[in-house]
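In what follows, a structure is listed as structure tokens, so that the remarks can point back to it.
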Amino acid sequence: QVQLVESGGGLVQAGGSLRLSCAASGSPSNIDTMGWYRQAPGNQREFVGRISSDSITIYADSVKGRFTISRDNAKNTVSLQMNSLKVEDTAVYYCTALARVNARTNFWNNYWGQGTQVTVSS
């Protein structure tokens, strides 16, 4: 079982930067890929980016070149560095993790944090 807690959200002006963090607990050694999604009011939850266990990253086109995902396996954290923020980046940002349900099986689950609000003002 994995628990995820996001932090670092807040209010920032357009063009500014913000760094989100996600801390994993429970059985973080079972985590493989981690990532970020976001959901704005009235919208579906949207993929932002993900990072594999060996730090290979994939980003949505909407954030490519502006956002950077990194992870620290020793600290069981993943971060989302957001630069050149736009008003349309305003959303609740969710951390996600793909992890084995336990160390003895090949069954995998997706886990989600509770989200952190990011608001970008004009």
Side-chain angles (χ1 to χ4, degrees):
Q1 195 172 20
V2 173
Q3 295 81 45
L4 303 171
V5 179
E6 302 95 337
S7 62
L11 176 65
V12 64
Q13 290 188 349
S17 298
L18 203 62
R19 186 176 182 89
L20 307 183
S21 295
C22 174
S25 62
S27 300
S29 62
N30 293 331
I31 294 174
D32 186 81
T33 300
M34 302 187 73
W36 292 90
Y37 284 70
R38 66 188 183 186
Q39 188 167 21
N43 289 357
Q44 298 292 110
R45 190 167 294 188
E46 175 190 26
F47 170 76
V48 174
R50 60 174 177 258
I51 183 168
S52 68
S53 59
D54 53 354
S55 297
I56 304 300
T57 55
I58 298 174
Y59 299 95
D61 288 341
S62 59
V63 306
K64 193 175 299 180
R66 299 188 297 118
F67 290 10
T68 302
I69 296 174
S70 60
R71 68 190 294 171
D72 187 335
N73 292 331
K75 296 181 178 180
N76 302 315
T77 60
V78 63
S79 297
L80 180 66
Q81 178 66 46
M82 303 184 292
N83 298 327
S84 302
L85 282 162
K86 304 175 181 179
V87 172
E88 53 262 42
D89 294 320
T90 296
V92 176
Y93 283 72
Y94 297 90
C95 177
T96 186
L98 177 68
R100 291 184 294 168
V101 297
N102 62 64
R104 294 180 174 86
T105 73
N106 287 320
F107 298 113
W108 298 78
N109 279 337
N110 286 309
Y111 297 88
W112 295 87
Q114 294 301 116
T116 185
Q117 176 70 48
V118 172
T119 302
V120 183
S121 62
S122 61

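Just so it is clear, the model here is predicted, and its values are computed rather than measured. Numbers here simply count residues along the sequence, with the first being 1.
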Open item on the list: For M34 and Y111: C-alpha separation, side-chain torsions, deciding distance, then whether side chain to side chain contact (heavy atoms under 4.5 Å, CB included) applies.
Closed with: CA-CA 9 Å; M34 302 187 73; Y111 297 88; over 6 Å; no
Considering all heavy atoms, the nearest [X]-[Y] contact:
X: R66; Y: L85; result: NH1-CA, 3.9 Å
X: I69; Y: T57; result: O-CG2, 3.8 Å
X: A24; Y: V2; result: CB-CG1, 4.4 Å
X: S55; Y: R71; result: OG-CG, 4.1 Å
X: G8; Y: L18; result: O-CG, 3.6 Å
X: S21; Y: S79; result: OG-OG, 3.7 Å

Measuring from atom [atom1] of [X] to atom [atom2] of [Y], what distance do you get when rounded to the nearest 0.5 angstrom?
X: N76; Y: S29; atom1: CG; atom2: OG; value: 8.0 Å
X: F67; Y: S62; atom1: CZ; atom2: OG; value: 7.5 Å
X: R50; Y: Y59; atom1: CZ; atom2: OH; value: 12.0 Å
X: Y93; Y: L80; atom1: OH; atom2: CG; value: 7.0 Å
X: T68; Y: M82; atom1: OG1; atom2: CE; value: 11.0 Å
X: N102; Y: S27; atom1: CG; atom2: OG; value: 8.5 Å

Counting C-beta onward and ignoring hydrogens, is there a side-chain heavy-atom pair between [X] and [Y] closer than 4.5 Å?
X: R38; Y: D89; result: yes
X: I31; Y: L98; result: no
X: V118; Y: T90; result: no

- [ ] Determine, stepwise, if the pair W108 / N30 fulfils side chain to side chain contact (heavy atoms under 4.5 Å, CB included).
- [x] CA-CA 9 Å; W108 298 78; N30 293 331; over 6 Å; no
If we ignore hydrogens and angles and just use 3.5 Å, is the side chain of [X] paired with the main-chain N or O of [Y] as donor and acceptor?
X: R19; Y: Q81; result: no
X: T116; Y: G9; result: yes
X: E6; Y: C95; result: yes

Open item on the list: As a quick check of understanding, evaluate side chain to side chain donor-acceptor pair (under 3.5 Å) for D72 and T77, giving each step before the final call.
Closed with: CA-CA 5 Å; D72 187 335; T77 60; 5.1 Å; no
Task: Within one Ile-Leu-Val-Met-Phe-Trp-Tyr cluster: F47 and W112, side-chain cutoff 4.5 Å - done: yes
Task: Cluster link V48 to V12, ILVMFWY, side chain under 4.5 Å - done: yes
Open item on the list: With a sphere of 6.0 Å drawn around CD of Q44, does it hold more than 12 non-hydrogen atoms of other residues, nucleotides or ligands?
Closed with: no
Task: Whether over 12 other heavy atoms sit under 6.0 Å from Q114 CD - done: no
Task: Test of ring centre spacing under 6.0 Å for Y94 and Y37 - done: no
Open item on the list: Salt bridge check, D32 against R100: does any charged N sit closer than 4.0 Å to a carboxylate O?
Closed with: no
Open item on the list: One thing to verify: whether K64 and D61 come together as a salt bridge, which I'm taking to mean a side-chain N less than 4.0 angstrom from a carboxylate O.
Closed with: yes
